[in-house]
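What's counted below: heavy atoms across the whole structure, side chains too, no hydrogens, waters or symmetry copies.
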Amino acid sequence: MTEDPAEETGPRPVGGVGGELQAAREASGLSLQELAAETRIPQRHLETIEKGDFAALPARTYAIGFSRTYARAVGLDDTMVPDRVRAGLDAQ
């Protein structure tokens, strides 16, 4: 009997910019709770960002600002990430 590889490795990050942010956070060894404390972004918003559901944040300004802060905290390009978020929001 073969096991499901997903069970061995745990959940995989969602694709897109949210998934990239999640992967960078995990590579940095930060939990969502630690990142929330460091960035002062509520954990529920960080979870929404990792799902890539930027439109569910309170406003476009929050989506862009939070993504910039998140990117900076995990060592990603804090110009490119918000630009991708803007493009995604414009496409909706």
Side-chain angles (χ1 to χ4, degrees):
M1 180 192 266
T2 58
E3 292 184 33
D4 182 2
E7 290 178 19
E8 294 176 21
T9 59
R12 297 188 192 270
V14 177
V17 70
E20 290 174 27
L21 289 165
Q22 178 183 355
R25 175 185 58 79
E26 290 172 349
S28 297
L30 292 170
S31 70
L32 277 171
Q33 184 176 11
E34 292 167 329
L35 185 61
E38 181 178 327
T39 62
R40 298 183 184 211
I41 299 171
Q43 186 170 333
R44 69 183 183 280
H45 292 325
L46 295 174
E47 292 167 354
T48 300
I49 288 168
E50 289 187 354
K51 291 177 189 171
D53 192 6
F54 295 97
L57 292 169
R60 178 184 174 92
T61 305
Y62 285 99
I64 295 165
F66 287 171
S67 66
R68 175 177 284 114
T69 301
Y70 190 135
R72 189 177 302 132
V74 297
L76 294 181
D77 185 330
D78 66 349
T79 302
M80 180 205 57
V81 169
D83 286 346
R84 290 177 60 201
V85 170
R86 272 188 208 94
L89 291 169
D90 288 345
Q92 291 183 348

Could you give me the CA-CA distance, side-chain angles and deciding distance for Val17 and Met80, then say whether side-chain contact (heavy atoms from CB on, under 4.5 Å) is met?
CA-CA 10 Å; Val17 70; Met80 180 205 57; over 6 Å; no
side-chain contact (heavy atoms from CB on, under 4.5 Å) evaluation trace for Ile49 with Leu57:
CA-CA 8 Å; Ile49 288 168; Leu57 292 169; 3.9 Å; yes
Verdict with supporting geometry, Leu32 and Arg25, side-chain contact (heavy atoms from CB on, under 4.5 Å)
CA-CA 8 Å; Leu32 277 171; Arg25 175 185 58 79; 3.7 Å; yes
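Not counting sequence neighbours, Phe54 has no partner by the ring-ring contact (aromatic ring centres under 6.0 Å, His included) test.
Taking every heavy atom of both residues into account, Ser67 and Pro82 meet most closely at OG-CA, 3.6 Å. Heavy-atom minimum distance, Arg68 versus Asp78: NE-O, 3.3 Å. Nearest heavy atoms, Glu20 versus Leu76: O-CD1, 4.0 Å.
In this structure, the ring of Tyr62 has its center less than 6.0 angstrom from the ring center of Phe66.
Put simply, CG on Asp83 and CG on Asp77 are 8.0 Å apart, with the number rounded to the nearest 0.5 Å. The distance from the CG atom of Leu89 to the CZ atom of Arg84 is 12.5 Å, given to the nearest 0.5 Å.
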Please tabulate, one pair per line, all N/O donor-acceptor pairs under 3.5 Å involving side-chain atoms of residues 38-46, not counting sequence neighbours.
unit_1 : atom_1 : unit_2 : atom_2 : d
Thr39  : OG1    : Leu35  : O      : 2.8
Thr39  : OG1    : Ile41  : N      : 3.2
Gln43  : NE2    : Glu47  : OE2    : 3.4

